[in-house]
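Below is one structure, written out as structure tokens; comments come after it.
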Amino acid sequence: MCSYILIMSRVKIKEVLGLAPQEKELTVKGWVRTFRNNQFIALNDGSTNNNLQVVADFNKIDETILKRITTGAAISATGKLIESQGKGQSVELTATTIEILGDSDAEKYPLQPKKHSLEFLREIAHLRMRTNTFGAVFRIRHNLAYSIHKFFNDKGFVYLHTPIITASDAEGAGETFKVTNFDLKNIPKTDSGEIDFKNDFFGRATNLTVSGQLEGELGAMAFGDVYTFGPTFRAENSNTTRHLAEFWMIEPEMAFYNLNDNADLAEELLQYVISYALEHNKEDIEFLNTRLLDEEKQKPQNERSEMNLIEKLKFCTDNKFERRTYTEAINILKDSNHNKKKKFQYLINDWGTDLQSEHERYLVEKHFKKPVILTDYPKQIKSFYMRQNDDGKTVRAMDILFPGIGEIVGGSQREERLEKLETRMKEMNIPADELYWYLDTRRFGTCEHAGFGLGFERLVLFVTGMTNIRDVIPFPRAPKTCEF
RNA sequence: UCCUUCUUAGCUCAGCUGGUUAGAGCACGUGACUGUUAAUCACGGGGUCCCUGGUUCGAGCCCAGGAGAAGGAGCCA
């Protein structure tokens, strides 16, 4: 009974804005964005980026209440929804009662009714979600996460929870954060002076996961199609706009898939989730689109982008991604005028070296002007588990490169042949005995399979048009950054 | 970790060749106005010029070291 009254007593602003003017009184609750002219409250409750205009009659409402309607204050307003008597909105709420739920000292509240820099808002990440920009970003982030689960669920994938704490650092995907419950001031040592992990919580050295892939492969060998979607940790000292120490990653792993099937799935997934956001976050994306256009006006003509955010997203969902091999990419780059005029900082000379980000950007942003899937990289620059091609030089790897983001997906067809895998592990000094459980999949019912990792924040970057990855995760973790 | 740039009011920034009491817009406070759209108008308060040391008669400005931030590079998702 109680919850019924609660539902009746408060309507979310997203819903109110869709209602027709009516006699019945409504109650809304939210936070004050601005209070103009001692009578117009722009009220936001987070359900939508749009504010509801609450009109307070300053002749009828107590002056002590009016004084407390400040930017950031939480209020409850009750009154009739009427056709707006001013321009700028279709309906407004004429408040008969206004209750202050939580005061906000205007002199101390950092958010002002004005434009703030993203750098400043990053410093107050606990409050920045109350702004239009971050409200839009995090509602989009939510729908992207939801649509990823929906995509895989509809296809019959099993959502597998791979461990956060692992004992293997075998993949070599990066520096790890150590996990221990040792007293750091008094770490037990063995007779030979080494750290005595036998006495640690797990009885061995452990760290936070850098990837759920190896465990994902075990699941694929049971369920056929699985995916993970969880946090990942890398202790790299990376200070860039596209790296985090804690980030979320989606890692599907499919039995009986070859590399082409893998690329098909990745492309379908990306197009699906972008379309989903375009449909379900229409207003938020339009807001960010306008924001970016305003920002572009500050730039000189030649630095402005050819497509706006919405055009870029639609272009991505409506066109097939370009698929090329690493070797073809090298040839394109080698023959490019850019290379001949020596405009690359790193000139393209030999086959076999990894592409620099300037090369990837050239391919995606200048040459093809669309997402590019590069496959069949030299084996010496890729991981041990990737399937070796018959040429003896390349592996069945794939990277998906996005404009402005770079590598958004990295994946491969996995080496399913035990002997080939063991040989490669020996060459790359990967301890096979520690990974006996991984190799067991090749011993018992091995089969062709493939998978990839999709960086969730990089996807959110692309869809929101933001440029710094620290602005698309609520509370970013990066070197020297662990506030909140 | 490397390279470049930056750090002045709550925020965004200006500050001349090193020269007296460091400025603007916005925000905030007070008052006026009352159908506003980041309301408007008037008045007002507000400074560890990032820190430490040095050069100088004199440093926000020059020099050295340090801290933090932004962008780029590497590592990668």
Side-chain angles (χ1 to χ4, degrees), chain A residues 33-43 50-59 66-67 70-72 82 84-89 92 94 104-124 131-132 171-175 210-213 228-251 266 344-346 354-361 381-383 399-402 405-411 452-462 467-473 478-481 483:
Chain A
R33 287 290 175 82
T34 64
F35 184 35
R36 286 183 294 266
N37 218 356
N38 215 17
Q39 53 181 330
F40 302 106
I41 304 164
L43 194 69
N50 298 314
N51 300 327
L52 173 68
Q53 173 150 289
V54 176
V55 185
D57 187 337
F58 55 85
N59 290 317
L66 288 174
K67 284 268 179 220
T70 56
T71 304
I82 61 159
S84 180
Q85 307 195 332
K87 287 170 192 159
Q89 58 279 314
E92 64 192 23
T94 43
S104 173
D105 185 341
E107 230 166 326
K108 292 186 184 135
Y109 187 58
L111 291 173
Q112 303 162 359
K114 60 170 276 191
K115 195 173 154 72
H116 288 293
S117 67
L118 295 175
E119 289 82 3
F120 171 67
L121 293 170
R122 216 170 284 152
E123 289 169 15
I124 50 165
T131 65
N132 287 330
E171 205 206 334
E175 287 293 311
V210 292
S211 165
Q213 182 204 317
T228 74
F229 187 170
T232 308
F233 308 89
R234 307 248 169 117
E236 301 288 344
N237 193 7
S238 298
N239 290 288
T240 77
T241 52
R242 51 187 194 286
H243 288 88
L244 290 165
E246 175 182 292
F247 63 99
W248 290 68
M249 186 156 65
I250 298 100
E251 293 178 288
F344 285 126
Q345 202 180 342
Y346 296 88
D354 211 352
L355 298 175
Q356 304 288 324
S357 57
E358 59 172 340
H359 304 139
E360 295 180 347
R361 274 219 306 277
I381 58 171
K382 289 291 181 185
S383 305
D399 281 0
I400 301 186
L401 310 175
F402 260 43
I405 313 290
E407 189 180 338
I408 196 166
V409 164
F452 60 86
L454 165 64
F456 185 56
E457 282 75 19
R458 290 188 181 177
L459 172 67
V460 184
L461 265 185
F462 182 71
T467 50
N468 190 320
I469 202 161
R470 298 177 190 198
D471 293 335
V472 297
I473 187 166
K480 303 280 184 298
T481 303
E483 189 77 43

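A note on names: the letters A, B, ... follow the listed sequences, proteins ahead of strands, and every chain is numbered from 1. Values in this document were obtained by computation on a predicted structure and should not be read as measured data. Worth knowing before you read on, the calculation uses all heavy atoms, side chains too, and leaves out hydrogens, waters and symmetry mates.
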### Query
Can you tell me how far P of B:U8 sits from CZ of A:F120, to the nearest Å?
13 Å
### Task
Could you check which of B:A77, B:G35, B:C28 has an atom nearest any side-chain atom of A:F40?
B:G35
#### Entry: No-H, no-angle donor-acceptor pair, A:N239 side chain to B:U1 base, under 3.5 Å
yes
### Message
Tell me the closest heavy-atom pair linking A:R234 and A:M249, and the distance in Å.
### Response
NH2-CE, 3.9 Å
### Query
Closest to the A:Q39 side chain: B:U30, B:G35, B:C26?
B:G35
### Query
Looking at A:T131, A:N132, A:T71, which one forms a side-chain hydrogen bond (donor to acceptor under 3.5 Å, both in side chains) with A:R33?
A:N132
### Query
So which nucleotide from B:U1, B:C11, B:A73 ends up closest to the side chain of A:N237?
B:U1
### Interatomic distance at P, B:C33 relative to B:A42, whole Å
16 Å
### Query
What is the distance from CG of A:D471 to C1' of B:G71, rounded to the nearest Å?
14 Å
#### Entry: Side chain of A:I469 - closest among B:A73, B:C28, B:A77
B:A77
### Query
If we take the P atom in both B:C63 and B:U55, what is their distance in whole Å?
15 Å
#### Entry: Minimum-distance nucleotide to A:M249 side chain [options: B:G31, B:A77, B:A39]
B:A77
### Query
Within the structure shown, what part of the strands sits under 4.0 Å from A:S84 by heavy-atom distance: base, sugar-phosphate, or nothing?
base
### Message
Does the structure show a Watson-Crick or G-U wobble partner for B:G29, both distances under 3.5 Å? Name it, or say none.
### Response
B:C43
### Query
To the nearest Å, how far apart are A:F233 CZ and B:C76 P?
20 Å
### Query
Under a 3.5 Å cut-off for both distances, is B:U34 Watson-Crick or wobble paired, and to whom?
none
### Query
Contact class for A:R33 (heavy atom, under 4.0 Å): base, sugar-phosphate, or nothing?
nothing
### Message
What's A:F247 touching, base or sugar-phosphate or nothing? Going by heavy atoms closer than 4.0 Å.
### Response
base
### Task
Flag the pair A:K382 and A:D354 as a salt bridge only when some basic side-chain nitrogen lies within less than 4.0 angstrom of an acidic carboxylate oxygen.
no
### Query
Among the nucleotides B:C11, B:U36, B:A69, which one has an atom lying closest to any side-chain atom of A:K114?
B:C11
### Message
Between A:S117 and B:U12, is there a contact of a side-chain N or O with OP1 or OP2 at under 4.0 Å?
### Response
yes
### Summary
Of B:U36, B:A70, B:G29, the nucleotide closest to the side chain of A:R36 is B:U36
### Task
Name the residue closer to the 5' end of RNA chain B, choosing between A:K115 and A:N37 according to the nucleotide with the nearest heavy atom.
A:N37
### Message
Can you tell me the base-pairing partner of B:U4? Count Watson-Crick or G-U wobble geometry only, both distances below 3.5 Å, and say none if there is no partner.
### Response
B:A70
### Message
Regarding A:G410, tell me which of base, sugar-phosphate or nothing describes its non-hydrogen contacts under 4.0 Å with the strands shown.
### Response
sugar-phosphate
### Task
Using a 4.0 Å heavy-atom cut-off across all strands, classify A:I405 as base, sugar-phosphate, or nothing.
nothing
### A:Q356 side-chain proximity, nearest of B:A77, B:A73, B:G35
B:A73
#### Entry: Pair partner, B:C61 [Watson-Crick or wobble, under 3.5 Å]
none
### Query
Between B:G46 atom C1' and A:Q112 atom CD, what is the distance in whole Å?
13 Å
### Summary
Taken to the nearest whole Å, CD1/A:I41 to P/B:G35 is 16 Å
### Task
Could you work out the separation of B:U8 and B:A24 based on their C1' atoms and round it to a whole Å?
13 Å
### Message
Can you tell me if A:R242 touches the phosphate of B:G72, counting only side-chain N or O atoms and a distance under 4.0 Å to OP1 or OP2?
### Response
no
#### Entry: Atom pair OG1 (A:T467) and CG (A:L118), whose distance is rounded to the nearest 0.5 Å
7.0 Å
## Note on the structure
Of A:T467 and A:T240, the one whose closest nucleotide on RNA chain B sits nearer the 5' end is A:T467
### Query
Without hydrogens or angle criteria, can the side chains of A:R36 and A:T34 be said to hold a donor-acceptor pair below 3.5 Å?
yes
## Note on the structure
Per atom distances to the A:N38 side chain, the nearest of B:C11, B:A70, B:U34 is B:U34
### Message
Using atom P in both nucleotides, what's the gap between B:A32 and B:G25 to the nearest angstrom?
### Response
23 Å
### Smallest separation among heavy atoms of A:I473 and A:E246, with atom names
CD1-O, 3.8 Å
### Polar contact flag, side-chain donor to acceptor under 3.5 angstrom, A:S211-A:E251
yes
### Query
Using atom C1' of each nucleotide, how far apart are B:U40 and B:A27 to the nearest Å?
16 Å
### Task
Given side-chain contact (heavy atoms from CB on, under 4.5 Å), test A:I405 with A:R242 step by step and report yes or no.
CA-CA 7 Å; A:I405 313 290; A:R242 51 187 194 286; 5.7 Å; no
## Note on the structure
Scanning both residues in full, the closest heavy-atom pair of A:G72 with A:S104 reads C-CB, 3.5 Å
### Message
Heavy atoms only, 4.0 Å cut-off, all strands: where does A:E358 land among base, sugar-phosphate and nothing?
### Response
nothing
### Task
Assign A:Q85 to base, sugar-phosphate, or nothing according to its heavy-atom contacts below 4.0 angstrom with the strands shown.
base
### Task
Using the P atom as the reference point in each nucleotide, state the distance between B:A38 and B:C76 in Å, no decimals.
47 Å
### Task
Figure out the CG/C1' separation between A:L118 and B:A70, and round it to whole Å.
12 Å
### Query
Across all strands shown, which nucleotide pairs with B:A24 by Watson-Crick or G-U wobble geometry, both distances under 3.5 Å?
B:U12
#### Entry: Between P of B:A38 and CG of A:L111, the distance in whole Å
16 Å
### Query
How far, in whole Å, is B:G29 from B:A39 if one measures between their P atoms?
13 Å
### Task
Pick the P atom in B:C11 and in B:U56, then give their distance to the nearest Å.
36 Å
### Message
With a 4.0 Å cutoff (strictly under), does any side-chain N or O of A:S357 reach OP1 or OP2 of B:A73?
### Response
yes
### Query
When you measure from the side chain of A:R361, which nucleotide among B:A73, B:U36, B:A77 comes out closest?
B:A73
### Summary
Across every strand shown, the nucleotide meeting Watson-Crick or G-U wobble geometry with B:U55 (both distances under 3.5 Å) is none
### Task
Would you mind pulling out the nucleotide paired to B:C76, Watson-Crick or G-U wobble, both distances under 3.5 Å?
none
### Task
Give one of base, sugar-phosphate or nothing for A:S238, where a contact means two heavy atoms less than 4.0 Å apart.
base
### Task
Write down the distance between CD (A:E119) and P (B:U7), rounded to a whole number of angstrom.
14 Å
### Under-3.5 Å donor-acceptor pair between A:E92 side chain and B:G35 base
yes
### Query
Considering residues at least two apart in sequence or located in another chain, which fulfil the side chain to side chain contact (heavy atoms under 4.5 Å, CB included) criterion with A:K114?
A:Q112, A:H116
